[in-house]
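Reviewing the structure listed below.
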Amino acid sequence: QKGGYKHFMLKEIFEQPRVIADCLTGRLDRTTGQAVLPELEDLPAPERLFIVACGTSYHAGLWGMYLMEQWAGIPTRVEIASELRYRDPILGPGDTVVAISQSGETADTLAGIHLAKARGAKVIGLCNVVGSTVAREADVVLYTQAGPEISVASTKAMCSQLTLLTLMAMAFGRKRGVLPAEVATRCLPALEALPAELDAALPGMRQRARELCRVYAEAHSFLYLGRGLCYPLALEGALKLKEISYIHAEGYAAGEMKHGPIALIDPKFPTFALAPLDGLYPKVKSNLQEVQARGGKVIALTNPGADLDVDHPWEVPAGWGPLSTFFMLPALQLFAYEMADYLGKDVDQPRNLAKSVTVE
Ligand code: F6R
């Protein structure tokens, strides 16, 4: 069942190249370079988007917000479902809600859908489990097609959500006539190349994760830092480490560090930074210099060609534009996985957690 892997989580991390390919199947038009999502054809292009989700799916939603704004020009809010349901949000007919849920059974996300529908908003469900409650209750459903996810910690489901959000941002951008020309020409070939590139990179990433977890296994707490698209990834990296290795970790927007958490930095409080070679690289680099000046140890996930002088640089392939995420995410997952396994934790069934949270 585990296909030769020690845990389902590891198997599911290694399935991600296939998950991306499956999520793309039938959804790319090579002749036009466009994303094809027939489910969305009859909906008007949204003027405003609310993304509603919990946990890892919420992090996927935060990531999606950047693309919805940049590629489709749609004002987008991302809401923690358990917060939205008890607010009185400015939400009504004409608004579109995207509910993201792997299981399609998360109680708070369903409550968000009910609230949206009661106010006359349209609901698009992004979910993995066919026939689930989210799929039945949404006006329109897009399946992430990741296959069953057995490990409690979500990995490949997030990868599939990000793939689908990328396609949605392309489709909405085209519909609204604002898709940047570079995205229109480069995104589709880059997406198609991704599965093979990730497949080739994963074994080396696992090896690096094994080495690094042994160096940092004594740490009681980690700070994960990222900016832009890497901010939601920092949150996700911290969540993965907490939930399966039981090491405290906090994800932070790198620019927020000097507004408080920098007080915590000392040689025993390591920082795991996301520092891809994108437009924000110089900013993250200077944040890391601030960490190092206070004696903090740094692991930095970056790309070949970076000039970071940190304790443990970790280079992963860059990918085109935002697609670099698809290399960063598995590195974060593998670091948490290897740490939990090294510490002898029950990786697939972490304590106190259930795969689907059907009560609030
Ligand atoms: C973390 C994890 C949870 C889920 C959350 C939402 O690894 O699995 O944070 O992401 O409970 O679940 P879904 O996506 O099923 O609504």
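Every number for a ligand or one of its atoms is a count from 1 in the order of the listing.
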- Given that the side chain starts at C-beta and the backbone is N, CA, C, O, which of these parts of E105 lies under 4.0 Å from ligand 1, counting heavy atoms, or is it both or neither? neither

- Can you tell which part of K240 has a heavy atom less than 4.0 Å from ligand 1: side chain, backbone, both or neither?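 The part of K240 near ligand 1 is the side chain, not the backbone.
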
Side chains of [X] and [Y] only: does a donor on one sit below 3.5 Å from an acceptor on the other?
| X | Y | value |
| --- | --- | --- |
| E211 | W314 | no |
| T133 | E105 | yes |
| E360 | Y86 | yes |
| Q102 | N128 | yes |
| S221 | E250 | no |

- Query: Is there a heavy atom in S356 that sits closer than 4.0 Å to ligand 1?
  - Reply: no

- Message: Any atom of ligand 1 sitting under 4.0 Å from a heavy atom of V152?
- Response: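 Checking ligand 1 against V152, which is what was asked, there is a heavy-atom contact under 4.0 Å.
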
Quick one: which ligand 1 atoms are inside 4.0 Å of a heavy atom on [X]?
| X | result |
| --- | --- |
| E243 | 1 (C), 7 (O) |
| S101 | 13 (P), 14 (O), 15 (O), 16 (O) |
| A153 | 7 (O) |

Distance-only N or O hit between ligand 1 and [X], under 3.5 Å:
| X | result |
| --- | --- |
| S154 | yes |
| Q161 | no |
| K355 | no |

- side chain to side chain contact (heavy atoms under 4.5 Å, CB included) with T106: which residues, sequence neighbours excluded?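 Only C54, S101, S103, T109 meet the side chain to side chain contact (heavy atoms under 4.5 Å, CB included) criterion with T106.
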
- List in chain and number order the residues that pass side chain to side chain contact (heavy atoms under 4.5 Å, CB included) with P350, two or more places apart in sequence or in another chain; answer none if no residue qualifies.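 V152, I244, Y246, L353.
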
Among all protein heavy atoms in this structure, tell me which lies nearest to [atom], with the distance rounded to 0.1 Å.
| atom | answer |
| --- | --- |
| atom 11 (O) of ligand 1 | V357 CG2, 4.0 Å |
| atom 10 (O) of ligand 1 | T56 N, 3.1 Å |
| atom 5 (C) of ligand 1 | C54 O, 3.7 Å |
| atom 16 (O) of ligand 1 | T106 OG1, 2.5 Å |

- Of the choices A157, S132, S57, which has the non-hydrogen atom that lies closest to atom 14 (O) of ligand 1?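 Checking each option, the heavy atom nearest atom 14 (O) of ligand 1 is found in S57.
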
- Task: For the residue pair Y337 and H7, categorise the inter-ring angle as parallel (less than 30°), tilted (30 to 60°) or perpendicular (more than 60°).
- Result: perpendicular

- Sole candidate of K345, K240, R206 that passes salt bridge (charged side-chain N to carboxylate O under 4.0 Å, His left out) when paired with E338: R206

- Output yes when a side-chain donor or acceptor of Q161 lies under 3.5 Å from a complementary backbone atom of G61, and no otherwise. no

